[in-house]
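Structure, as structure tokens:
By convention in this document, chain letters (A, B, ...) are assigned in the order of the sequence lines, proteins followed by strands, and residues within each chain are numbered from 1.
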Protein chains: 2
Amino acid sequence: MDRIDSSLIALRRIIRTTELFGREIRQATGVTPAQFRVLQIISESGFVTAKTISMRMQVSQGTVTSLVDKLVRDGLALRQKSSEDRRQIHILLTDAGRETLVDAPDPLQQRFVRKFRAMEDWEQAMLVANLERVATMLDAEDLDASPVLATGEIRPAGTQ
Amino acid sequence: MDRIDSSLIALRRIIRTTELFGREIRQATGVTPAQFRVLQIISESGFVTAKTISMRMQVSQGTVTSLVDKLVRDGLALRQKSSEDRRQIHILLTDAGRETLVDAPDPLQQRFVRKFRAMEDWEQAMLVANLERVATMLDAEDLDASPVLATGEIRPAGTQ
DNA sequence: TGAATTTGCTTTGACTGTTGAAGTTTTGTC
DNA sequence: GACAAAACTTCAACAGTCAAAGCAAATTCA
């Protein structure tokens with residue numbers, strides 16, 4: 001088998017693993033991956049507007065409304081009218097929402113980090129260089145991602 | 001920024017790129033990624049049963065029925081009763097279906113392959129080794145993938 | 001100040017993907 | 001020939017997603 005095939009297969013395995021991980025999350029937390037992402041985004045900032053979520057997830061506002069609806073229905077999040085700008089609605093976590101996050105410590109990412117830490121210094125350096133190279137090879141545009149795996153989120157380059 | 005963050009970010013970029021690529025496919029071919037996968041699977045063998053598709057995509061038979069329904073509705077595929085085993089139904093491509101595949105030459109994969117080919121021999125070897133390592137680091141189980149990017153398909157190790 | 005525009009969100013209607021359960025038709029086996 | 005298994009389809013139910021339309025608050029500007 002040639003190297004091109006090998007590399008594509010490896011890449012495919014990486015992608016597939018993260019897809020399957022979505023099902024793990026659902027199992028472990030009772031919340032779908034998309035909803036989980038929303039919980040993560042809220043938790044990063046304490047509270048957040050629908051607009052922010054929509055931009056971070058690169059999804060329409062209507063979609064965010066429906067995702068938040070479900071989180072509210074399940075008692076994981078709350079809506080609160082902003083007092084400064086009354087068009088805005090702050091979305092925040094309930095205790096149950098926070099607990100959901102705590103109970104689901106991103107096993108895929110941890111799996112990776114654990115093994116990464118066990119590597120030699122030079123191996124780590126090489127791995128990072130190669131991963132970055134692959135990312136660049138695939139990228140059409142200039143994107144920048146947060147260091148959180150399998151959340152589907154991405155931020156414009158330069159954002160915090 | 002430490003190496004763990006760098007590596008997770010690079011991984012995230014890789015995954016995200018393939019997600020966004022799904023939208024490209026839709027744009028370029030007018031067919032959704034899931035339907036496109038079905039077309040690819042049919043085309044690999046000429047014709048195929050629903051069961052095969054279901055296994056290759058790791059999806060229920062009901063799902064396959066509905067995906068194939070849409071392809072048939074849009075004139076991209078045909079159903080044909082098998083004459084050997086009349087429980088089976090062969091699914092095959094129409095000319096339009098074949099054309100759809102031709103018109104969408106998997107730009108993500110090509111993008112990668114083009115850049116890969118331009119690399120030095122030793123660089124290629126190193127890249128493959130590192131990708132395989134990462135795949136292994138993420139894998140919980142023993143999986144095997146076909147060398148086709150962004151199709152969500154996977155075969156049990158050892159299959160064809 | 002007051003009308004027009006913009007911004008933030010929700011509602012509605014529609015469609016895809018997905019599953020699980022139940023049903024149909026064919027095969028295969030004892 | 002009866003019974004079980006296999007290959008599909010149908011159905012009901014969700015989740016995610018979008019686009020378009022609507023509403024309310026804030027901002028702009030004449």
Taking side-chain hydrogen bond (donor to acceptor under 3.5 Å, both in side chains) as the test, write out the residues that go with A:Glu123, two or more places apart.
B:Arg133
Go along nucleotides 20-25 of chain D 5' to 3' and tag each nucleotide: B for a protein heavy atom under 4.0 Å from its base, S when only backbone or sugar atoms are that close, - otherwise.
-----B
Whole Å only: how far is the CD atom of A:Gln35 from the P atom of D:dC14?
14 Å
Rounded to whole Å, please give me the gap between CD in B:Gln80 and P in D:dC8.
14 Å
Test side chain to side chain contact (heavy atoms under 4.5 Å, CB included) applied to B:Val59 - qualifying residues, sequence neighbours left out
B:Met57, B:Thr63, B:Val64
By side chain to side chain contact (heavy atoms under 4.5 Å, CB included), which residues pair with A:Arg98, not counting sequence neighbours?
A:Leu93, A:Asp95
Under 4.0 angstrom, heavy atoms only, what part of the nucleic acid is B:Val64 near: base, sugar-phosphate, or nothing?
nothing
Going by the rule salt bridge (charged side-chain N to carboxylate O under 4.0 Å, His left out), which residues pair with B:Glu99 if we only count those two or more places apart in sequence or in a different chain?
none
Which ones in residues 65-78 of chain A lie close to DNA chain C, meaning a heavy atom under 4.0 Å from one of its atoms?
A:Thr65
C:dT16 P sits how many Å from B:Arg26 CZ, rounded?
8 Å
Partner residues of B:Arg87 under the side-chain hydrogen bond (donor to acceptor under 3.5 Å, both in side chains) criterion, sequence neighbours left out
B:Asp85
Can you measure B:Lys51 atom NZ to D:dA5 atom P for me and round it to whole angstrom units?
14 Å
For atom CD1 of B:Ile89 and atom P of C:dT27, their distance in whole Å
12 Å
Pairs in or reaching into residues 42-63 of chain A: which pass ring-ring contact (aromatic ring centres under 6.0 Å, His included), with residues at least two apart or in two chains?
A:Phe47-A:His90
Sequence neighbours excluded, the answer for side chain to side chain contact (heavy atoms under 4.5 Å, CB included) partners of A:Thr29 is A:Ile25, A:Val31, A:Phe36, A:Thr100, A:Ala104
Please state how far atom CD in A:Gln61 lies from atom C1' in C:dT7, giving the value in whole angstrom units.
9 Å
